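Comments concern the structure below.
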Amino acid sequence: MEKYDVNLIEAKWQDKWEQDKLYSTPDLNEIDQKNKLYVLPQLPYPSGSGLHVGHAEVYTSCDIYARYKRMEGKKVLQVIGWDSFGLPAENYAIKNNVHPKQTIEKAVENFTYQIKRMGISVDWDRSVGSHEPGFYKWTQWFFLLMYKRNLAYRKEQKVNWCESCKTVLANEQVTDGACERCGTNAEQKLMEQWYLRITEYADRLFEDLDKLDWPAETIKRQKDWIGKSVGAEIEFSIDGSKEVLRVFTTRPDTIFGATFMVIAPEHEIIEQLKEKIQNIDEIRKYASVAAQKTDLERQMNKDKSGVRLNGVEAINPVNGHTIPIFVADYVLSGYGTGAIMSVPAHDERDFEFARKFGLEIIPVISGGSENEAHTGHGILINSDFLDGLEVDQAKNKTIDWLEENERGEAKTTFKLRDWSISRQRFWGAPIPMLYDQNNELQPVDEADLPVLLPDDVDFMPTGRSPLTYSEKFHDGIPEGWRREVDTLDTFMCSSWYYYRYLDPHNSEAFASREALDKFMPVDFYIGGREHVNGHLLYSRFFTKVLYDAGYIDFDEPFTMHRHQGLILGEDNRKMSKRWGNIINPTDVMDRHGADTLRMYEMFMGPLEEDKAWNLDGEKGVFRFVNKIWGLQSKVLADFSSAEQMKEAHRLIKKVGADIEALSFNTSIAKFMEFSNFLSREEKIDLEVWKLYLLVMAPFAPYITEELWHRSGEIGSIHLADWPLYDESLLVESEISIVVQVNGKLRGEVKVAADASPELIKEKARSDENVAKYLAEGEIIKEIYVPGKLVNFVVKS
RNA sequence: GCUGGGGUGGCGGAAUUGGUAGACGCGCGGGACUUAAAAUCCCGUGGUAGCAAUACCGUGCGGGUUCGAUUCCCGCCCUCAGCACCA
């Protein structure tokens with residue numbers, strides 16, 4: 001038989017599938033919420049270096065699932081598009097003086113070629129790129145929607161600024177104080193920027209996480225980021241002044257233990273009380289030093305520093321005690337009210353501060369010690385009307401007291417900040433806003449969208465948006481008016497792209513209501529765990545806004561989400577040019593073909609775990625592919641085998657369950673076992689062979705298609721039905737039962753599947769080796785696990 | 001420091017609700033084919049002892065529960081990731 005010519009055969013089918021548009025999405029009228037399946041591989045940035053093996057892992061796992069479900073009869077929507085706006089393309093353009101559009105289009109072409117070659121079954125007619133006017137028109141539309149709903153606004157604020165990229169960064173784009181993209185340390189800079197009021201949705205974004213089928217780690221990251229804290233806001237009056245100090249606390253129950261207060265260096269009350277503060281110069285000096293510290297410095301040095309405000313004291317509302325006030329930089333101005341009541345007995349930071357400054361420590365919860373803050377549970381003491389209560393009861397009672405006496409109320413705070421979306425860059429969607437002759441903001445009329453990005457722009461960074469200098473850009477607006485020249489953060493594009501796939505050519509809406517109702521939400525979403533927190537949060541936010549505006553009737557976009565693990569180089573290090581350990585999917589396909597690439601990546605280990613590439617392992621999978629090829633010579637149409645059929649049905653059951661569980665590595669192992677089984681057989685039952693091809697089809701679309709046709713089939717295997725297994729075929733007539741004595745394996749007996757427990761035990765006892773151990777004492781207990789084992793407990 | 005993963009042969013990794021630990025693949029050893037090599041095929045492969053049957057040990061460490069623990073509980077160690085003065 002001829003050798004398996006991988007590249008020839010794969011190319012043949014790739015062309016055929018494309019001609020036949022085999023993977024087109026079914027028509028809307030065939031689709032409903034019950035039969036639809038929306039499979040979404042995360043939007044890639046089309047980088048010049050081409051597809052990465054990590055991309056290949058995402059696309060393969062999505063594709064296996066999509067193909068399997070398609071064979072099961074689901075109406076599948078699977079599309080890949082491009083996150084084609086953004087900094088990397090612009091930076092590349094600046095460095096090499098090529099227009100980003102050119103770079104991107106070349107990269108998209110390359111990505112498309114590679115993904116097609118991998119045999120990923122996506123509907124290419126629906127593919128979109130975020131840099132296309134037909135796409136960013138709707139990105140701009142989303143901005144206007146936000147603006148109209150009072151969710152987009154301008155304000156001057158300290159922002160993260162990357163000097164290297166010459167642009168503003170959202171908090172989510174800063175990692176360890178550095179720019180996520182280029183690694184330059186982010187600076188703080190006061191600038192006027194556009195923001196989205198995502199904080200308005202903080203509570204819903206937090207609470208709705210519980211209804212999602214997402215990895216626990218991802219849900220936790222979102223929760224950490226949103227940072228919900230439930231507690232109370234309490235008002236402390238200042239002795240001899242009408243000023244008040246409001247604090248936020250999660251522990252209102254400990255209020256009787258509040259022995260001092262601390263305010264952030266930026267707190268406005270300092271200036272309001274400047275006449276009374278005897279050491280105002282010292283305080284101002286401390287504040288200005290603190291202001292110069294970067295976040296990183298504050299993190300590095302956690303030693304408590306602070307200065308007491310001489311001449312002013314606060315009054316604890318519950319007992320009227322006067323307590324000192326300090327300014328200290330461990331209290332952050334941006335969180336809560338920028339001031340705290342300090343309860344050193346029950347808060348570690350307050351404890352440390354109190355120790356350092358020799359302040360009073362009053363325990364109000366029983367069960368602590370003098371040497372550390374007791375932050376746990378206990379019974380209230382030294383607390384007047386709270387004495388004897390549990391912490392949770394005391395919290396409620398304190399809040400009731402505060403509300404009755406108008407000294408505070410229940411309060412929830414969040415760490416989440418509003419999302420900064422404007423960028424002083426060229427390669428992004430222009431913000432569709434105008435400034436009129438009075439410098440008042442005017443939204444661009446929806447009919448005038450898109451606000452086109454001009455081609456003839458000098459995109460060298462100056463710190464101001466390059467669009468400032470484009471004459472063409474400012475054409476067509478009333479005399480004396482000017483356009484907003486900032487562009488939108490690319491996160492805006494990726495927050496809604498999955499809606500565009502539903503209806504990519506619609507010029508009236510971002511997607512039709514019918515398409516939205518029928519396809520959404522996404523059933524299966526795979527993407528990386530790195531850098532994804534912001535994307536998921538923003539997408540959820542967009543979806544909730546659409547829901548509130550009545551465009552959709554669901555409020556979470558991604559029902560099910562999983563991460564792929566990182567694929568490491570052969571040296572177990574992250575793939576990088578620096579280590580020279582990069583594996584290029586195209587090279588793998590040149591060597592061994594797409595089926596091997598797909599199956600090897602799936603075989604490496606569990607989808608969600610990190611795993612290292614191994615060239616010998618890759619070869620092993622190729623060996624397996626060739627083994628399948630070789631088996632066809634043993635297939636006979638006029639031969640049937642009940643034994644083979646039984647194994648085939650077992651295979652169908654196992655693989656179906658594995659795909660549902662995303663346990664693709666064990667499916668491949670099972671395929672290998674099955675081919676080992678078949679290679680021991682002299683002849684292969686044609687029907688068994690076809691079943692084998694069918695279950696492998698989602699994993700290895702090329703070779704299965706070829707062999708399917710060679711076995712006499714006319715249509716594509718990928719349009720065939722997923723085989724159903726027959727449970728009755730799986731029943732064994734004879735089973736083997738493990739025999740243990742005192743929990744140790746001592747033998748094995750073969751019995752009829754319907755043998756009685758008594759018979760099995762009898763047989764077990766008579767096993768030669770078992771009998772030896774039974775003779776050592778007396779059987780005091782016999783355990784029989786049906787179909788599995790017998791264990792005799794023997795005592796001598 | 002807190003939170004969440006994870007520690008299983010030489011390596012990647014398998015093991016329904018506790019029930020034969022090490023499936024499958026790689027590597028390695030031996031053999032066949034070949035002038036030779038590659039490729040391919042066959043046999044073996046957790047450790048120790050033994051010709052073997054078999055025995056003992058073995059899932060990071062120390063305890064516990066159980067007839068029986070990779071799996072459950074308690075206390076540690078290591079490692080990866082996220083968060084980090086958030087009141």
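Just so it is clear, the structure is predicted and the values come from calculations on it, not from any experiment. Labels below follow one simple rule: chain letters A, B, ... track the order of the sequence lines, proteins then strands, and each chain is numbered from 1.
- Contact check on A:Lys750 versus A:Glu734 returns no salt bridge, with no Lys/Arg side-chain nitrogen under 4.0 Å from an Asp/Glu carboxylate oxygen.
- At whole-Å resolution of the value, CD in A:Glu608 and C1' in B:G13 are 16 Å apart.
- Listed candidates were B:C26, B:A14, B:A87. Nearest to the side chain of A:Pro606 is B:A14.
- Regarding A:Lys228, its NZ atom lies at a distance of 13 Å from the P atom of B:A87, rounded to whole Å.
- Straight-line distance from the CD1 atom of A:Ile783 to the P atom of B:U20: 14 Å, rounded to whole Å.
- Taking side-chain N and O atoms only, A:Tyr600 has no distance below 4.0 Å to OP1 or OP2 of B:G25.
- Figure legend: A:Lys304 and A:Phe353 shown without cation-pi pairing, the cationic atom not lying both under 6.0 angstrom from the six-membered ring centre and within 45 degrees of its axis.
- In the set B:U20, B:G13, B:C83, the nucleotide with an atom closest to the side chain of A:Lys611 is B:G13.
- For B:G12, neither phosphate oxygen OP1 nor OP2 lies less than 4.0 angstrom from any side-chain nitrogen or oxygen of A:Asn665.
- Spacing between B:U59 and B:U71 at atom P, rounded to whole Å, works out to 9 Å.
- The side chain of A:Thr666 has B:A15 as its nearest neighbour among B:G19, B:G25, B:A15.
- With respect to A:Arg650 and A:Glu647, a salt bridge is recorded, a charged nitrogen being found less than 4.0 Å from a carboxylate O.
- Remark: B:G68 base-pairs with no nucleotide; criterion is Watson-Crick or G-U wobble with both hydrogen-bond distances under 3.5 Å.
- With hydrogens and angles left out, the side chain of A:Asn791 and the base of B:C67 share a donor-acceptor pair within 3.5 Å.
- The side chain of A:Arg623 sits closest to B:C26 out of B:G25, B:A55, B:C26.
- Between the CD atom of A:Glu609 and the P atom of B:G5 there is a distance of 13 Å, given to the nearest Å.
- The nucleotide whose nearest atom lies closest to any side-chain atom of A:Arg221 is, among B:C41, B:G82, B:G13, B:G82.
- Here B:C85 presents its P atom at 17 Å from NZ of A:Lys356, a figure rounded to the nearest Å.
- If you take atom C1' in B:G46 and the same atom in B:G12, they sit 16 Å apart, rounded to whole Å.
- Comparing B:C67, B:C24, B:U3 by their nearest atom to the side chain of A:Lys220 picks out B:U3.
- If you measure from atom NZ of A:Lys304 to atom C1' of B:A87, you get 11 Å, rounded to the nearest angstrom.
- Salt-bridge annotation for A:Asp210 and A:Lys223: present, with a side-chain N of the basic residue lying under 4.0 Å from a carboxylate O of the acidic one.
- A salt bridge does not link A:Glu768 to A:Arg746: none of the charged side-chain nitrogens sits closer than 4.0 Å to a carboxylate oxygen.
- Going from atom CD1 of A:Ile737 over to atom P of B:G68 covers 20 Å, rounded to whole Å.
- In this structure, of B:A55, B:A87, B:A23, it is B:A87 that holds the atom nearest to the side chain of A:Tyr335.
- The side chain of A:Lys744 places an N or O atom within less than 4.0 Å of a non-bridging phosphate oxygen (OP1 or OP2) of B:C57.
- For the P atoms, the distance from B:A38 to B:A52 is 30 Å, rounded to whole Å.
- OP1 and OP2 of B:A81 both lie 4.0 Å or more from every side-chain N or O belonging to A:Arg529.
- We find that A:Lys670 and A:Asp658 are not joined by a salt bridge, their nearest charged nitrogen and carboxylate oxygen being 4.0 Å or further apart.
- Which of B:U17, B:G25, B:U40 sits closest to the side chain of A:Lys788 comes down to B:U17.
- Between the side chain of A:Gln740 and the base of B:G19 there is at least one donor-acceptor pair of N/O atoms closer than 3.5 Å.
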